[in-house]
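Below is one structure, written out as structure tokens; the observations come after it.
Note that these values count all heavy atoms, side chains included, but never hydrogens, waters or copies made by symmetry. Just so it is clear, the model here is predicted, and its values are computed rather than measured.
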Amino acid sequence: MRHAVLEQARNRLALILVVFFVPLWLTLAYRVLPSDPVRFFLRAADRPVDLDADTVTQLSGALHAIALIVGFMMFLAASRAAEFDHRLVIAGYPRLCLVLARSGVLLLTAALTAGYATTWVCVFYRPERLDVMVGAFTVGALAYGGVGILLAAVLRSELAGMFVVIMVSFVDLSLQNPVANPAADSPMLKWLPAYGAMQAAVSAVDLTLIPWRQLLLGLCWSAGLTMAGLAAFTVRTSRRTIPHALLHCAELPRRATGLVRRRFLPRPASRRHSRAAASDPTPPSPKGAPCSLPTVREPKSTTRN
């Protein structure tokens, strides 16, 4: 868990996007877009409501920014740590701990970014239900965090993953904005991942009730996508799908140990050689031939017969 949190903290680009992109988008939507009323069909009240165009665009843009950033962060973290996770699995580390660490980091990241975005929304206007606003942003972040984990287990290219996250979130939230899409009240839009989050965020602006159905719909999308991503992560880190190179690297220490033993350690002597060595009292010479003890010569006699 600690390693996963530190990995997210090292993603400086994502942190810069969270800190600067969210307030920049909210400020531009508030300053540039007019405050003309637009009709938004609110499922929690089962009736259309009139909201300012800049308010709806701020909510849609905030959800889009959160979904994009959290999905991008989880995709990069899961894709870059894939080889490290494989090595942990080879070493015997429990796969359940890896899955729980991913889930905990996703929940923490979604909650922090949702709270930060809600704080900036309160700078421009005061929602009726701050808790519903935070919950809606958290649900949207969780849904696209699961998308990022799922894409990391399926795609190999970081560029392809970023492109998919950007396009899916753009299509999802652009179709739900009545400023960009006059047919935003179409019932077909309820099948989009961020539909429940967008409905709950709009409900938090004017309504005092809690849109339980919309929040549960968003939670279902979040849980389904997160579980699919974690299932793909589990399958990817299984021993059957581990690359052959990693298994080869894991077996290198054992092979190297056997090689050292064969080349540098003395071989055990055979029985015949050991018996011959025991029966022969003369020690072997350094060159391998049996050595003989030097003989003492008797001195020559100096007397003449």
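Closest non-hydrogen pair, P37 versus D50, comes out as CB-CB, 4.4 Å.
In terms of the side-chain hydrogen bond (donor to acceptor under 3.5 Å, both in side chains) criterion, residue partners of E158 (sequence neighbours excluded) are, by chain and number, R80. Shown here are the ring-ring contact (aromatic ring centres under 6.0 Å, His included) partners of Y30, two or more places apart in sequence or in another chain: F124. Residues satisfying the side-chain hydrogen bond (donor to acceptor under 3.5 Å, both in side chains) criterion with D185, sequence neighbours excluded, are absent altogether. For S169, the side-chain hydrogen bond (donor to acceptor under 3.5 Å, both in side chains) test picks out H64, with sequence neighbours left out. Under the rule for a salt bridge (Lys or Arg N to Asp or Glu O under 4.0 Å), the partners of R129 that lie at least two apart in sequence or sit in another chain are D131. For D172, the side-chain hydrogen bond (donor to acceptor under 3.5 Å, both in side chains) partners at least two apart in sequence or on another chain are Y144, Q176.
Under the 4.5 Å side-chain heavy-atom criterion for Ile, Leu, Val, Met, Phe, Trp and Tyr, V139 and I66 are members of distinct hydrophobic clusters. Side-chain heavy atoms closer than 4.5 Å link hydrophobic residues (I, L, V, M, F, W, Y) into clusters, and following such links, even through other members, never connects M227 to V168. Following chains of ILVMFWY side-chain contacts shorter than 4.5 Å, one cannot reach L51 starting from L33, and the two form parts of different hydrophobic clusters.
Between V70 and L106, the closest side-chain pair of non-hydrogen atoms falls below 4.5 Å. For the pair L112 and Y116, the minimum side-chain heavy-atom distance is 4.5 Å or more. Contact check for L42 versus P48: no side-chain heavy atoms found under the 4.5 Å cut-off. Side-chain atoms of F137 and T118, non-hydrogen and from C-beta on, do get closer than 4.5 Å to each other. Taking the side chain as every heavy atom from C-beta outward, M74 and L151 never approach each other to under 4.5 Å. Put simply, the side chain of V49 does not reach to within 4.5 Å of the side chain of R39, judged on heavy atoms. The side-chain heavy atoms of V171 and L175, taken from C-beta on, include a pair separated by under 4.5 Å.
When atom types are taken as modelled, the side chain of T119 and the backbone of G115 share a donor-acceptor pair closer than 3.5 angstrom. With hydrogens and angles ignored, the 3.5 Å screen pairs a side-chain donor or acceptor of T113 with a backbone N or O of A110. With hydrogens and angles disregarded, no donor-acceptor distance shorter than 3.5 Å links the side chain of Q58 to the backbone of A29. With E128 contributing its side chain and L207 its backbone, the two residues share no donor-acceptor pair below 3.5 Å. Under the 3.5 Å distance criterion, the side-chain polar atoms of S60 are left unmatched by any main-chain donor or acceptor of V56. N181 places a side-chain N or O within 3.5 Å of a backbone atom of A183 that can act as its donor or acceptor partner.
R43 CZ to M198 CE: the interatomic distance, rounded to the nearest 0.5 Å, is 13.5 Å.
Residue F163 places its CZ atom among 12 or fewer non-hydrogen atoms of other residues, nucleotides or ligands, all under 6.0 Å distant.
Between the side chains of W191 and Y195, not a single donor N or O lies within less than 3.5 Å of an accepting N or O.
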